[in-house]
Amino acid sequence: MFDVAIIGAGIVGASVARELSRYNLNVFLIEKENDVSEGATKANSAIVHAGYDPENGTAMARLNVRGCHLTEVYAKELDVPYKKIGSLVVAFSPEEMETIEELFERGNKNGVPDQRIIHREELLKMEPNIGDEAVGALHSPSAGIVGPWEFCIALTENAVVNGVKLYLNTEVVDIKKEDGMFTIFTGNPELEPIKTKYIVNAAGIYSDVILGMVGEREFKIKPRKGQYFVLDKSQGPLANHVIFQCPSALGKGVLVTPSVHGNLIVGPDAEDNVERDDTTTTKERMEFIRDAAAKSIKGINYRESIRNFAGLRAQSDRSDFIIEESKSVKGLINLAGIKSPGLTSAPAIAEDARDLLEKAGLTLTKNENFNPTRRQTHFMSLSPEEKSAKIKEDPRFGRIICRCENITEGEIVEAIKRPVGALSLDGVKRRVRPGMGRCQGGFCGPRVLEIIAREKNVPLEEVMQDTNGSYILIGETKK
């Protein structure tokens, strides 16, 4: 029997798992996919928001500012790519400068540090490629960018090292509560029904479905789709900050930002009334994004686009994050409707979840053996002496597999063998980046596939691109 079951291994569930691993608890984390970070966590803007946008007094405002601070702290502890580059909300008219003033005042009330309003002359010095109509901006230096899936993987891995049990390929199909105890039934044939005292519902766009299995429908999730361009590193230097346009009722609008690895990200749009599994991209919406982004940054060459993708935001029928014990099911903590700034807020949401569990009756005793740190090998960032020593220790670090991102065989093997190891090509890609570069795996993909098959001791035909069923090979053409 477990103390706490966490349903959903996205950034919120992973943050809760890591937070609870600080205590002497029997915790397990359930994920229906074959890897963590497979939902909104792997398809978003990768922004660490400063906190000026949410309305003062909301959970979003409080958790955004706290989460912005914690993300920087945890990124250092867990060896996660993070850069505090600051953000600019750009105004393109005197009327929009009034909105900038409102955001500035709201940010001050929310506790955003060091923000200031700048005008066109200073804006041009900070962003030489800014659009011709820009008249000023709100500068928030505490904002940043992060590797979202790297962060989720690192949080999960650290939680597992500190005692949390992780079950992948385990879809929750039903939940019962009897005599104060939950029984979770899953589609995993290798797993008996799971008994637990408490449940944390961090199931993203399916959080209302999970609640409905055992309680009343207290909220409804309405997925909102956003589409993006990822451009080659040749376009990365066009922007120095996260560049927003003034927000609207549909959100923060189309942004332009560097990524932590030097690419340029452009998007998203906002499309409602979509299915929960609709991550398609369309020509019409991508054209809309291109036109909108041209207002912010001049000269983006979309012939250098290397990837398009779409993500689904867990928009709810409430205006704020839903972070509460269920009114209809005691002992079930709902973490739902975690739209933007959900990635930023996740570490702080985990603290709230911990407090709600304690208030519901969970006893928290510090785990004196908790280890907050995690490290992995970034071969190209090593000094020449360190590289030489690493290759002597393991010659596989001397073989480059991904030429675009300069990733070695040693790093790929390490990614497969880590506590939450990669099982698929995209799983390896999210951990150490082969396939993230200009050729998008055209060169290194077959070699990575062979390495996975070798290290996992499985036939080549069983290695998948990403989620279950995404097989790459179906058989030999020659015997």
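In this chain, numbering begins with 1 at the start of the sequence shown. Please read these numbers as outputs of a predicted model, since none were measured by experiment.
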Which pairs count as ring pair (Phe, Tyr, Trp, His ring centres under 6.0 Å) when at least one residue sits in residues 324-363, sequence neighbours excluded?
-> none
Going by atom types only, do Asn334 and Asn201 share a side-chain donor-acceptor pair under 3.5 Å?
-> yes
Between the side chains of Gln115 and Asn108, does any donor sit under 3.5 Å from an acceptor?
-> yes
Spacing of CG belonging to Leu356 relative to OG belonging to Ser326, to within rounding of 0.5 Å | 12.0 Å
Would Asp317 and Lys222 pass as an ion pair if we require N to O under 4.0 Å?
-> no
Quick check: does any side chain N or O of Asn158 sit under 3.5 Å from a backbone N or O of Ala154, one acting as donor and the other as acceptor?
-> no
So, the side chain of Ser316 versus the backbone of Arg318: is there a donor-acceptor pair under 3.5 Å, distance only?
-> yes
What's the verdict on salt bridge (Lys or Arg N to Asp or Glu O under 4.0 Å) for Asp174 and Lys176, showing C-alpha distance, side-chain angles and the deciding distance?
-> CA-CA 7 Å; Asp174 198 11; Lys176 304 291 184 188; 3.4 Å; yes
Evaluate whether atom CD of Glu216 has more than 12 neighbouring non-hydrogen atoms of other residues, nucleotides or ligands under 6.0 angstrom away.
-> no
Look at Glu405 together with Lys233 and state whether they make a salt bridge at an N to O cut-off of under 4.0 Å.
-> yes
Are any non-hydrogen side-chain atoms of Val16 and Arg354 less than 4.5 angstrom apart?
-> no
Side chains of Glu55 and Thr58, donor plus acceptor under 3.5 Å | no
Taking atom types as modelled, find out whether Ser142 and Ser140 have a side-chain donor-acceptor pair closer than 3.5 angstrom.
-> no
Side chain proximity check, Lys165 to Asn26, heavy atoms < 4.5 angstrom | yes
Is Ile145 close to Ile47 at the side-chain level, that is, under 4.5 Å between some pair of heavy atoms?
-> yes
Is the Phe244 to His49 ring centre distance short of 6.0 Å?
-> yes
Main-chain N/O of Gly67 paired to Thr71 side chain as donor or acceptor, under 3.5 Å = yes
Those residues at least two apart in sequence (or on a different chain) that pass side-chain hydrogen bond (donor to acceptor under 3.5 Å, both in side chains) with Glu351 are Arg66
Non-neighbouring partners of Tyr228 that pass ring-ring contact (aromatic ring centres under 6.0 Å, His included), sequence neighbours left out | Phe309
So do Ile243 and Ser87 actually touch side chain to side chain, heavy atoms under 4.5 Å?
-> no
Are any side-chain N or O atoms of Arg106 and backbone N or O atoms of Asp53, one a donor and one an acceptor, separated by less than 3.5 Å?
-> yes
The side-chain hydrogen bond (donor to acceptor under 3.5 Å, both in side chains) partners of Thr467 (sequence neighbours excluded) come to none
Salt-bridge contact Arg430-Asp35 (side-chain N to carboxylate O under 4.0 Å) | yes
side-chain hydrogen bond (donor to acceptor under 3.5 Å, both in side chains) with Glu171: which residues, sequence neighbours excluded?
-> none
Arg403 side chain to Phe443 main-chain N or O, any donor-acceptor pair under 3.5 Å?
-> no
Give every residue pair that meets the ring pair (Phe, Tyr, Trp, His ring centres under 6.0 Å) criterion with at least one member in residues 160-200, sequence neighbours excluded.
-> Phe28-Tyr167
Between Lys359 and Asp352, does at least one N-O distance fall below 4.0 Å, as a salt bridge requires?
-> no
What pairs with Asp320 under side-chain hydrogen bond (donor to acceptor under 3.5 Å, both in side chains), at least two apart in sequence or on another chain?
-> none
Here the side-chain hydrogen bond (donor to acceptor under 3.5 Å, both in side chains) pairs for residues 362-371, sequence neighbours left out, are Asn371-Thr373
Pair Lys195, Thr183: side-chain N/O donor-acceptor within cut-off below 3.5 Å = yes
Ser424 side chain to Asp426 side chain, donor-acceptor N/O pair below 3.5 angstrom | no
Looking at side-chain heavy atoms only, is the closest gap between Pro372 and Phe370 below 4.5 Å?
-> yes
With the threshold set at 4.0 Å, does a side-chain nitrogen-carboxylate oxygen contact exist between Glu72 and Lys84?
-> yes
Is it true that the side chains of Asn110 and Asn56 contain a donor and an acceptor less than 3.5 Å apart?
-> yes
Partner residues of Phe229 under the ring-ring contact (aromatic ring centres under 6.0 Å, His included) criterion, sequence neighbours left out = Tyr302
What's the shortest heavy-atom distance between Ala310 and Thr279, and which atoms?
-> CB-O, 3.5 Å
Would you please say whether a donor-acceptor pair under 3.5 Å links the side chains of Ser383 and Glu386?
-> yes
Show me the donor-acceptor pairs, under 3.5 Å and distance only, between side chains in residues 453-462 and residues at least two apart or in other chains.
{"unit_1": "Arg454", "atom_1": "NH1", "unit_2": "Glu409", "atom_2": "OE2", "d": "2.9"}
{"unit_1": "Arg454", "atom_1": "NH2", "unit_2": "Glu409", "atom_2": "OE2", "d": "2.8"}
{"unit_1": "Glu455", "atom_1": "OE1", "unit_2": "Lys417", "atom_2": "NZ", "d": "3.3"}

Do Arg438 and Gln440 have a side chain donor and acceptor closer than 3.5 Å?
-> no
Could you list the residues that satisfy salt bridge (Lys or Arg N to Asp or Glu O under 4.0 Å) with Arg418, not counting sequence neighbours?
-> Glu157, Glu414
Residues which pass salt bridge (Lys or Arg N to Asp or Glu O under 4.0 Å) with Asp79, listed by chain and number, not counting sequence neighbours = none
Short side-chain donor-acceptor distance under 3.5 Å, Thr408 and Lys390 = no
Identify the heavy atoms of Pro347 and Ser15 that sit nearest to each other, and give their distance.
-> N-OG, 3.8 Å
Sub-4.5 Å side-chain heavy-atom contact between Met1 and Met181 | yes
Taken to the nearest 0.5 Å, the spacing of Ile11 CD1 from Lys42 NZ works out to 14.5 Å
